[in-house]
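Working notes, beginning with the structure itself.
Because the structure is a prediction, the values reported are computed rather than measured.
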Amino acid sequence: MLIIGSRGSGKTTLVETAISSLTESHSGEFHVVRLNGLLQTDDKLALREIWRQLGVEMELDENEQPKQTNFADTLQSILAILSHPDELAAQEEEPTLPGEEPDAARTSTAVVFVLDEFDHFVLQPRQTLLYNLFDIAQAKKAPIAVLGLTSKVDVVDSLEKRVKSRFSHRTEHLKLPATIDAFWEIVKEGLVVDMGSDDAIGDLNTEQHFRAWNSHIEDLRHQPHFATFLRRNFALSKTPAQIFNATIMALSTITPSTPFPDAAAWTPLSPPLSNLYLLSSLSDLQLALLISAARLEALNDMESVNFDMVYDEYLKLCAKGRVQNTPSGGVGRVWSKSVGTGAWEGLEGMGLVVVDTSRKGRWRVDVGLMEVKERTRGTQWARWCKEVL
């Protein structure tokens, strides 16, 4: 079965809730194997992870891992371990008569395979893992269920013909909330305390505090600051992840005198819109090389530069400062090229200069000279920018 939906639509929450519910009513009757297409990128890694997770749940010795080299045989051997010894001899016995209850001791332990990022498993060569899992499930060689989670609506079209023929074509589509009221219900469910939980039952003071907390969360919707924050997240993504992340900062403001966070404590934890905030953390050499590279692009109308050109421009600017009776151009020591290479690599690591994939050994500057000038106003660095602008 495939569960398809946008990121943040609740695919993983739906599956984990269902598994938790089954665990309460059928504890010990099944195992869960969780695979991720971003982590298990080939068949060997997937098999190793399947064996690891089943081995942990069943307390198996790692040395007992099947030695077969064929993928299908190895997977069958792993699943056979889940069968009761009596089941292996069931084929030699008479079949169960109609209406007769089967012997519970001969029932295999079921396995639920949860394949997160299912579309990445589809991209693997020959789709061997999917083929064998679907084949085992369809032929009822072992009691397994395969759940795929993906955000690509056309992932079924990418399945190979032999894999698609074994797929049940059962899909469930999850949608993001269509209205802000529905979005608020999802957010509120993650913020309030479940009064039916064990933690909320027992101590009277605890119950009163939890009721007061839930009432405070209900009132948040009507607070202007939080209402704006809520509408902004609904308009941008319709997923509660950013609100839950911001709640961590809001909870950090709780004190004995203020047991409930103020609405203004919910602030977005979003990354900066540009890399300009990194300028204040650069060393003098890194900032000098960055300005030199930006000057070259502006003066020569170039799309990219190489390090030799940047270092020569850096030496020229330092020499020009000495002629003007300003030692080293006002930037301190003139560093050697080997030291400059390390500083340039640091700029690349920060993303301030980006490799030009179309031209080997060249980089593009990711900030503009005018932006650097505004951030270094009143310093020697601004003078270096001013000479061009």
Side-chain angles (χ1 to χ4, degrees), residues 7-8 38 228-229 232-233 235-237 239 241-242 245-246 248-249 267-389:
R7 297 193 182 279
L38 296 175
T228 302
F229 181 50
R232 180 178 182 274
N233 279 275
L236 292 177
S237 65
T239 59
Q242 291 188 2
N245 290 338
I248 298 175
M249 299 299 295
T267 56
L269 300 178
S270 55
L273 298 178
S274 70
N275 291 333
L276 291 176
Y277 75 99
L278 294 171
L279 295 181
S280 60
S281 64
L282 298 181
S283 64
D284 287 348
L285 177 58
Q286 287 177 325
L287 191 54
L289 291 175
L290 183 65
I291 295 175
S292 299
R295 281 171 57 93
L296 283 173
E297 288 189 350
L299 288 172
N300 302 319
D301 194 21
M302 306 170 65
E303 295 184 356
S304 60
V305 296
N306 60 42
F307 176 70
D308 291 334
M309 298 164 58
V310 173
Y311 187 75
D312 289 342
E313 181 70 13
Y314 163 68
L315 294 180
K316 291 177 183 178
L317 290 172
C318 291
K320 185 177 180 180
R322 286 197 297 269
V323 171
Q324 296 175 350
N325 296 324
T326 306
S328 300
V331 297
R333 176 180 174 181
V334 179
W335 295 94
S336 65
K337 192 172 184 177
S338 59
V339 177
T341 302
W344 185 257
E345 292 174 352
L347 292 175
E348 181 182 350
M350 296 179 191
L352 292 171
V353 293
V354 183
V355 176
D356 187 351
T357 56
S358 62
R359 304 182 66 181
K360 185 177 180 180
R362 298 180 75 92
W363 290 263
R364 293 181 290 102
V365 183
D366 200 40
V367 295
L369 203 57
M370 179 63 76
E371 295 172 324
V372 177
K373 178 186 176 183
E374 292 298 323
R375 290 298 183 105
T376 58
R377 187 180 298 275
T379 65
Q380 172 63 28
W381 310 115
R383 192 177 306 134
W384 280 21
C385 300
K386 187 177 179 181
E387 293 175 357
V388 177
L389 300 173

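- A 4.5 Å side-chain heavy-atom check between Trp381 and Arg375 finds every atom pair outside the cut-off.
- The minimum heavy-atom distance between Leu347 and Leu290, with the atom names listed, is CD1-N, 4.1 Å.
- Between Val353 and Val310 the shortest side-chain heavy-atom distance does not fall below 4.5 Å.
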Walk me through whether Asp308 and Lys337 qualify under side chain to side chain contact (heavy atoms under 4.5 Å, CB included).
CA-CA 9 Å; Asp308 291 334; Lys337 192 172 184 177; 2.7 Å; yes
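- Residue Val355 comes nearest to Arg364 through the heavy atom pair O-NH2, 4.3 Å, listed as atom of the first residue, atom of the second, then distance.
- Side chain of Tyr314 to backbone of Trp335: a donor-acceptor contact under 3.5 angstrom is found.
- Around atom CD of Glu374, more than 12 heavy atoms belonging to other residues, nucleotides or ligands sit under 6.0 Å away.
- Heavy atoms from other residues, nucleotides or ligands lying under 6.0 Å from CE of Met302 number more than 12.
- The two residues Gln242 and Phe229 make their nearest non-hydrogen contact at O-CZ, 4.3 Å.
- Checking side-chain atoms of Glu297 against main-chain N and O of Val365 turns up a donor-acceptor pair under 3.5 Å.
- Between Leu352 and Gln286, every side-chain heavy-atom pair lies at or beyond the 4.5 Å cut-off.
- Annotation for Cys385 and Lys373: closest pair CB-CB, 3.8 Å, computed over non-hydrogen atoms.
- No more than 12 heavy atoms of other residues, nucleotides or ligands shown are found within 6.0 angstrom of CG on Asp301.
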